[in-house]
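So that the names make sense, note that chain A is the first sequence line, chain B the second, and so on, each numbered from 1. Because only heavy atoms are used, hydrogens play no part in the values below, and waters and symmetry mates are left out as well, while side chains stay in.
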Number of protein chains: 2
Amino acid sequence: MSNSRRKSEPVDPKEVPKAVVSRLSLYLRELQHLLAAGHATTSSGRLGRQLGFTDAQVRRDLAYFGHFGQPGVGYRCGELIAAIRSILGTDRRWRVVIVGVGNLGRALIGYKGFGSQGFNIVAAVDVDPSITGREVEGVPVYPLDQLDSIVREQGVELGLVAVPAATAQKAADSLVTAGVTGILNFAPVTLNLPDDVSHVGVDLATELEQLCFSVANRGSQP
Amino acid sequence: MSNSRRKSEPVDPKEVPKAVVSRLSLYLRELQHLLAAGHATTSSGRLGRQLGFTDAQVRRDLAYFGHFGQPGVGYRCGELIAAIRSILGTDRRWRVVIVGVGNLGRALIGYKGFGSQGFNIVAAVDVDPSITGREVEGVPVYPLDQLDSIVREQGVELGLVAVPAATAQKAADSLVTAGVTGILNFAPVTLNLPDDVSHVGVDLATELEQLCFSVANRGSQP
DNA sequence: CCGTGTGAAATCGTTCACAGCC
DNA sequence: GGCTGTGAACGATTTCACACGG
């Protein structure tokens, strides 16, 4: 499994820079907006301008994965959307479980953007007995100790951690034990996880701090 | 205003890589945990190991801003926390307003992590008359058209956009008109803003897509 | 003529390795 | 002995610039 080079897979996904993958998501989002607005095609220049990148950057990013454009024409929005979804892995649906049904957990359960991008929230779990046994926005809430059977029986692959910092590591451990292979962590701690479980952290306070630094030092796009 | 070099400000903040600033937030978070756990000092090696970085990276990052450690000893947690807060600009409190009191807006209003890191949510606004006039978790909710006076009278500097994608640009424009200087955007769109307004975007679906890619291509730390 | 895909060059960020200090 | 701060080497990513295709 070294460097094969089939028609649309020029490189091993592992050697694609992380930054490229995150821009891919932005391209996807913008392309969906463009398509919804009636544009059948676009170009690297246009796409880049709308997102604040150069045309060369857009072309180079896409070139990691194949040849998607037509010289003189640009990219067909519909085709490129399908291609990026296939690259990201969101050309199929993923089953997701949420741990923690506090304010944030509830907001995540109700967030429409997940469903539209390929994610099914199949269940939530919480320690608080006053909330378990009900449904929140159509998603059933179970006690924590049922996590194992939920993940196994429903084939859940991803877990969202939406509990306080103090219990986040335990929540993540439970998810790993239950068998999920990816974790999106909203608690303000760095999780310690086995290498075969992927994870991404989103820290709301941290994001505000980045904004602060940027404001305190004048301007984000100089 | 070229390269001055005062005692603890070796570089112009503008030429600090974005990645460095985002790691600074992680250092801060970890240092706070360390201090709370009773550690008075730490070292670049320890701090890095806990976060998945090398010791050299930690030292290099901090060296952008000054000399904070003692050879042979390491860093005093309390002092380094204060230094990083000063760099990020969170050594004072920032006033924040939230636009949009749906599921996500409510979760943000109730999020304890903001207050503990220096952010005061002073008000929220929404178009829905059935929610305005009340308080949510102690934060007053006003009609949208009062945004201007709220920002002006309370000296609000930052705005959080927690409305659907379709109205996010309008919400952001209103914030800019009202006078905020930084925007944290949770809507899945790229905002078009004047250069003198900083912004950071957090797209929940995008984060899940990154996770997907990582899972679909085996392992996050190979 | 416009726009892609891509070597080659330039830029940027990370790691190495070590002098100096506690 | 342990640890910081930092030039210098290295590796990675971005930008340039142009040959080729519709």
Side-chain angles (χ1 to χ4, degrees), chain A residues 3 5 7-24 26-27 31 34 39-77 79-80 83-84 87 221-222, chain B residues 3 5 7-24 26-27 31 34 39-77 79-80 83-84 87 221-222:
Chain A
N3 49 352
R5 184 180 267 259
K7 188 162 186 188
S8 335
E9 277 170 86
V11 303
D12 179 343
K14 278 174 189 160
E15 62 191 47
V16 174
K18 216 176 154 238
V20 171
V21 182
S22 100
R23 283 192 297 268
L24 234 40
L26 298 181
Y27 300 154
L31 286 162
L34 282 168
H39 297 261
T41 69
T42 190
S43 66
S44 59
R46 171 192 261 272
L47 194 50
R49 190 155 10 86
Q50 283 165 322
L51 293 167
F53 307 128
T54 67
D55 56 338
Q57 174 111 76
V58 173
R59 291 199 301 277
R60 181 66 82 186
D61 285 348
L62 296 174
Y64 274 101
F65 305 98
H67 299 213
F68 305 110
Q70 284 180 277
V73 179
Y75 303 89
R76 307 265 206 90
C77 294
E79 284 175 16
L80 190 49
I84 295 178
I87 294 162
Q221 299 99 341
Chain B
N3 48 352
R5 184 180 266 260
K7 187 162 185 186
S8 332
E9 277 169 85
V11 303
D12 179 345
K14 278 173 189 159
E15 62 192 47
V16 174
K18 219 178 152 236
V20 170
V21 183
S22 101
R23 285 192 296 267
L24 234 40
L26 299 181
Y27 300 154
L31 286 162
L34 282 169
H39 297 261
T41 71
T42 190
S43 67
S44 59
R46 171 191 260 271
L47 193 51
R49 190 155 8 87
Q50 284 165 320
L51 293 166
F53 307 128
T54 66
D55 56 339
Q57 174 108 77
V58 173
R59 291 198 302 276
R60 181 66 83 188
D61 285 347
L62 295 174
Y64 273 101
F65 305 97
H67 299 215
F68 306 110
Q70 283 181 276
V73 178
Y75 303 88
R76 306 265 206 90
C77 295
E79 283 176 16
L80 190 49
I84 294 179
I87 294 162
Q221 298 99 342

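Computed from coordinates, the F65(B) CZ to dT6(D) P distance equals 14 Å when rounded to whole Å. Taking atom CZ of residue R76(A) and atom P of nucleotide dG3(C), one finds them 16 Å apart after rounding to whole Å. Rounded to whole Å, atom C1' of dC12(C) lies 14 Å from atom CG of D61(B). The CD atom of Q57(B) sits 16 Å away from the P atom of dT6(D) (whole-angstrom rounding).
Taking OG1 of T41(B) as the reference point, atom CG of L80(B) lies at 11.0 Å (rounded to 0.5 Å). Distance check, rounded to the nearest 0.5 Å: CD1 of I84(B) to CG of L24(B) gives 5.0 Å.
Of the candidates dT4(D), dT14(C), dT4(C), dT4(D) carries the atom nearest the Y75(B) side chain, counting heavy atoms from C-beta on.
Under the rule for a salt bridge (Lys or Arg N to Asp or Glu O under 4.0 Å), the partners of R76(A) that lie at least two apart in sequence or sit in another chain are E79(A). In this structure, R60(A) has no salt bridge (Lys or Arg N to Asp or Glu O under 4.0 Å) partners at least two apart in sequence or on a different chain. Residues satisfying the side-chain contact (heavy atoms from CB on, under 4.5 Å) criterion with S22(A), sequence neighbours excluded, are Q210(B). Qualifying salt bridge (Lys or Arg N to Asp or Glu O under 4.0 Å) partners for R59(A), counting only residues two or more places apart in sequence or in other chains: D55(A). Applying the side-chain contact (heavy atoms from CB on, under 4.5 Å) criterion to V20(B), with sequence neighbours excluded, gives V16(B), P17(B), R23(B), D61(B), Y64(B), F65(B).
The phosphate of dG21(D) (OP1 or OP2) has no side-chain N or O of H67(A) nearer than 4.0 angstrom. Considering only side-chain N and O atoms, R59(B) lies under 4.0 angstrom from the phosphate OP1 or OP2 of dT4(D).
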Hey, what are the protein-to-nucleotides 19-22 of chain C N/O distances that come in under 3.5 Å?
{"from": "dC22(C)", "atom 1": "O4'", "to": "P71(B)", "atom 2": "O", "distance (Å)": "3.0"}

N/O to N/O distances under 3.5 Å, protein versus nucleotides 7-10 of chain C:
{"from": "dG7(C)", "atom 1": "N7", "to": "R60(A)", "atom 2": "NH2", "distance (Å)": "3.2"}
{"from": "dG7(C)", "atom 1": "O6", "to": "R60(A)", "atom 2": "NH2", "distance (Å)": "2.5"}
{"from": "dA8(C)", "atom 1": "N6", "to": "R60(A)", "atom 2": "NH2", "distance (Å)": "3.0"}

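Pairing each heavy atom of F53(B) with each of Y27(B), the nearest pair is CD1-CE2, 3.9 Å. For the pair A83(B) and F68(B), the tightest heavy-atom approach, listed with the atom from each and the gap, is CB-CE2, 3.6 Å.
Between L34(A) and Q50(A) the shortest side-chain heavy-atom distance falls below 4.5 Å.
Within residues 42-55 of chain A, the residues approached by DNA chain C to less than 4.0 Å at the level of any non-hydrogen atom are S43(A), S44(A), in residue-number order.
Sorted by first and then second residue, the salt bridge (Lys or Arg N to Asp or Glu O under 4.0 Å) pairs involving residues 39-48 of chain B (not counting sequence neighbours) form an empty list.
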